[in-house]
Amino acid sequence: MNIKQPAAHLDQMMRQTRAHHVQLSLMADSKANMILTVASLLIPLSIQYLNDPKFKAAAMIMIAFCVLTVVLAAYAAMPKHQVINGRNNPEGSVGAGLNPLFFGSFVQMRYEQYEQIMEELMNDHNQAYQAQIREVYLLGQYLHRKKYFFVRLAYFAFICGAVASSSVYLVQAYL
């Protein structure tokens with residue numbers, strides 16, 4: 001990267017973008033927790049219908065899809081990180097793929113090594129902007145590929161379960 005001149009508006013843009021990504025992450029966690037709670041509550045409510053032949057198939061379908069929903073929503077909300085350490089990045093430099101602004105990149109570093117990397121980063125505005133841009137990009141990729149992907153699957157599983165369970169009940173009830 002070659003930023004011609006660092007400026008306050010660039011700093012504000014990066015702060016705002018990171019804050020937006022954090023808000024999106026919190027929204028994904030909130031949605032995952034909401035669908036997880038609803039599906040978890042429907043499981044014991046559906047179990048009581050397993051003894052009734054008229055409701056048994058519909059209840060089994062609802063329970064199966066609720067369990068799938070719970071698993072997907074829990075996975076979406078589960079904390080994950082990719083650790084990049086000296087074994088994966090022996091150069092220990094920002095240009096080599098290290099993101100010193102993300103805890104997964106530096107948790108296994110010695111403090112002295114981290115301090116040196118941060119000193120280099122803070123003394124070169126091009127590297128500083130590059131690290132911030134990499135952080136925003138990686139956060140966006142994580143949100144898209146992990147959190148929202150599994151939240152979307154959880155909602156889809158819940159909707160499919162509700163439709164399938166209701167359809168089976170209606171077919172059995174009126175045939």
Side-chain angles (χ1 to χ4, degrees), residues 1 10-47 49 57-109 114 117 121 127-170:
M1 291 195 69
L10 296 176
D11 296 340
Q12 176 60 26
M13 177 186 71
M14 295 308 301
R15 269 193 300 275
Q16 187 66 32
T17 304
R18 272 189 266 149
H20 181 73
H21 278 69
V22 169
Q23 185 178 13
L24 287 172
S25 182
L26 292 171
M27 287 172 48
D29 287 343
S30 177
K31 289 177 182 196
N33 286 327
M34 181 180 66
I35 193 76
L36 191 145
T37 301
V38 170
S40 295
L41 290 173
L42 278 177
I43 292 170
L45 293 175
S46 299
I47 288 175
Y49 293 102
M60 288 174 57
I61 290 170
M62 180 58 81
I63 291 168
F65 275 95
C66 282
V67 168
L68 178 61
T69 299
V70 166
V71 168
L72 290 168
Y75 189 75
M78 186 184 313
K80 298 174 227 33
H81 72 280
Q82 293 178 326
V83 175
I84 300 171
N85 56 33
R87 290 185 300 263
N88 295 344
N89 184 11
E91 299 87 28
S93 64
V94 176
L98 174 73
N99 181 4
L101 304 179
F102 176 63
F103 76 95
S105 291
F106 64 81
V107 294
Q108 295 182 354
M109 278 185 186
Y114 181 69
I117 289 169
L121 180 71
Q127 271 194 356
Y129 282 117
Q130 182 182 12
Q132 290 177 63
I133 289 168
R134 180 178 286 123
E135 179 189 29
V136 167
Y137 176 78
L138 292 174
L139 284 170
Q141 290 294 314
Y142 173 75
L143 286 171
H144 173 71
R145 291 186 178 152
K146 300 292 182 192
K147 281 198 180 227
Y148 277 98
F149 177 74
F150 286 102
V151 168
R152 194 172 24 257
L153 285 178
Y155 273 101
F156 185 72
F158 186 76
I159 291 168
C160 287
V163 169
S165 176
S166 300
S167 299
V168 166
Y169 171 73
L170 290 174

*Given the rule in the side chain to side chain contact (heavy atoms under 4.5 Å, CB included) test, do Leu139 and Ser25 qualify, once you have shown the distances and angles that lead to the verdict?*
CA-CA 9 Å; Leu139 284 170; Ser25 182; over 6 Å; no
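Across Tyr129 and Leu10, no two heavy atoms sit closer than the pair OH-CB, 3.5 Å. The two residues Thr69 and Phe158 come nearest to each other via the heavy atoms OG1-N, 3.2 Å. Of all non-hydrogen atoms in Cys66 and Leu42, the two that sit nearest each other are SG-CB, 3.7 Å. The heavy-atom pair separating Ile61 from Gly161 by the smallest distance is CG2-O, 4.1 Å. Of all non-hydrogen atoms in Val136 and His21, the two that sit nearest each other are O-NE2, 3.4 Å. In terms of heavy-atom proximity, Ala157 sits nearest to Leu68 at CB-CD2, 3.8 Å.
Separating the OG1 atom in Thr17 from the CD1 atom in Ile133 is a distance of 9.5 Å, to the nearest 0.5 Å. For the atom pair CZ of Phe65 and CZ of Phe156, the computed distance is 8.5 Å after rounding to the nearest 0.5 Å. The line from NZ of Lys146 to OH of Tyr75 is 5.0 Å long, rounded to the nearest 0.5 Å.
Partners of Leu101 according to the side chain to side chain contact (heavy atoms under 4.5 Å, CB included) rule, which considers only residues two or more places apart in sequence or in another chain, are Asn99, Met118, Leu121, Ala131, Gln132, Glu135. Scanning for ring pair (Phe, Tyr, Trp, His ring centres under 6.0 Å) contacts around Tyr114 gives Phe106, with sequence neighbours left out. Partners of Ile47 according to the side chain to side chain contact (heavy atoms under 4.5 Å, CB included) rule, which considers only residues two or more places apart in sequence or in another chain, are Ile43, Leu50, Ile63. By the side chain to side chain contact (heavy atoms under 4.5 Å, CB included) test, Gln12 pairs with Arg15, Gln16, sequence neighbours left out.
Legend: side-chain hydrogen bond (donor to acceptor under 3.5 Å, both in side chains) pairs involving residues 152-170, not counting sequence neighbours: none detected. For residues 23-32, the set of pairs meeting the salt bridge (charged side-chain N to carboxylate O under 4.0 Å, His left out) definition, not counting sequence neighbours, comprises Asp29-Lys147.
Proximity of a side-chain donor or acceptor of Ser46 to a complementary backbone N or O of Met62 within less than 3.5 Å is not detected. Within the 3.5 Å criterion, the main-chain N or O of Leu24 finds a donor-acceptor partner in the side chain of Tyr148. The closest donor-acceptor contact from the side chain of Ser30 to the backbone of Leu26 lies at 3.5 Å or more, if one exists at all.
Around the CE atom of Met14, the shell of radius 6.0 Å holds more than 12 heavy atoms that belong to other residues, nucleotides or ligands. Heavy-atom neighbours of Gln141 CD from other residues, nucleotides or ligands within 6.0 Å: above the threshold of 12.
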